[in-house]
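Values reported hereafter were calculated over all heavy atoms of this structure, with side chains retained and with hydrogens, waters and symmetry mates removed. Heads up: numbering here begins at 1 and tracks the sequence. Order of listing sets the numbers, starting from 1, for every ligand and every atom in it.
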Amino acid sequence: MSGLLLKEASVVSVERPAVKHAARDRARIIDLPKITDQRGNLTFIEGNRHVPFEIRRVYYLYDVPAGAERGGHAHKRLQQFVIAASGSFTVVLNDGRKRRKFFLNRPHYGLYIPRMIWRELENFSSGSICVVLASEEYDESDYYREYDNFIRALGN
Ligand code: TYD
């Protein structure tokens with residue numbers, strides 16, 4: 001992955017036990033296939049191949065007003081893959097110990113977010129579209145919407 005496109009900053013914030021992940025479950029940028037053509041480029045994604053889960057839901061954010069922030073929650077089971085299909089935005093991930101910032105600005109790569117990661121999406125450029133592939137159908141009971149509850153759950 002191009003290091004130039006990936007802006008990453010980490011700050012050790014609180015001393016908490018880390019959730020143990022296998023390497024394949026770590027949050028990371030995944031580069032996608034890109035078929036270049038004079039008529040335009042094409043990128044495709046197959047579940048369990050380009051992303052490490054079966055895709056059960058797709059949703060997208062658009063018409064995000066300047067300065068708005070999305071996210072602000074974690075998920076008990078849900079895994080996601082986030083793509084800047086158009087424009088750019090920043091995703092801030094927090095596993096309870098460390099914050100990492102990812103800048104997404106190309107449609108041919110995305111950010112894999114495993115379960116139990118607090119996420120915030122910010123700095124949406126005008127006209128940007130954030131496409132999210134999800135491993136589960138929508139289930140409100142899968143959310144931690146209170147940061148304290150998320151941190152408490154990590155300690156269990
Ligand atoms: P939320 O997940 O909080 O949005 P974001 O993380 O992008 O800020 O969802 C916002 C609202 O939309 C909330 O009322 C739940 C609803 N929603 C669905 O009904 N289905 C879905 O697939 C998603 C992602 C959200």
Side-chain angles (χ1 to χ4, degrees), residues 1 5-14 16 18-22 24-32 43-156:
M1 188 47 244
L5 294 172
L6 168 62
K7 235 172 38 182
E8 192 173 318
S10 57
V11 182
V12 175
S13 49
V14 276
R16 302 274 181 192
V19 174
K20 296 276 182 263
H21 289 299
R24 74 184 293 275
D25 296 332
R26 293 243 167 78
R28 62 190 183 277
I29 296 288
I30 295 176
D31 221 340
L32 298 165
T43 285
F44 56 94
I45 308 168
E46 294 175 11
N48 275 328
R49 182 173 171 212
H50 304 108
V51 294
F53 56 84
E54 212 169 289
I55 300 163
R56 300 194 63 186
R57 177 168 50 114
V58 179
Y59 67 93
Y60 33 98
L61 303 170
Y62 53 98
D63 293 345
V64 179
E69 294 184 3
R70 304 288 317 209
H73 49 74
H75 291 275
K76 296 172 190 173
R77 283 184 342 123
L78 187 73
Q79 303 169 69
Q80 292 183 312
F81 185 69
V82 180
I83 306 154
S86 184
S88 65
F89 51 86
T90 300
V91 185
V92 184
L93 299 186
N94 179 350
D95 66 1
R97 283 197 329 153
K98 207 163 87 171
R99 288 178 84 236
R100 296 166 77 195
K101 247 183 195 195
F102 297 88
F103 180 62
L104 301 181
N105 70 346
R106 298 292 293 154
H108 63 82
Y109 67 84
L111 176 63
Y112 169 67
I113 308 179
R115 62 183 287 274
M116 292 303 279
I117 301 283
W118 191 268
R119 87 284 317 275
E120 278 152 11
L121 285 75
E122 58 192 32
N123 293 328
F124 286 86
S125 69
S126 170
S128 59
I129 302 177
C130 168
V131 172
V132 182
L133 314 182
S135 65
E136 313 291 335
E137 288 163 12
Y138 173 71
D139 175 7
E140 185 59 36
S141 71
D142 186 66
Y143 281 72
Y144 288 107
R145 290 196 182 272
E146 299 294 330
Y147 185 72
D148 287 352
N149 292 344
F150 162 66
I151 291 297
R152 213 170 296 125
L154 284 176
N156 292 336

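Residue Ile83 holds its CD1 atom at 11.5 Å from OH of Tyr109, rounded to the nearest 0.5 Å. In this structure, OG in Ser128 is found 8.5 Å from CG in Leu61, a value given to the nearest 0.5 Å.
Between Tyr112 and the choices Gln79, His50, Arg26, Arg28, the side chain to side chain donor-acceptor pair (under 3.5 Å) rule is met once, by Gln79.
Taking the side chain as every heavy atom from C-beta outward, Ile30 and Pro52 approach each other to under 4.5 Å. With contacts defined as side-chain heavy-atom distances shorter than 4.5 Å, the pair His73/Arg119 qualifies.
Within 4.0 Å of ligand 1, protein heavy atoms come from Arg57, Tyr59, Leu61, Arg70, Gly71, His73, Tyr138, Tyr143, Arg145.
Ring geometry for Tyr144 against Phe150 counts as tilted: the plane angle lies between 30° and 60°, on a 0 to 90° scale.
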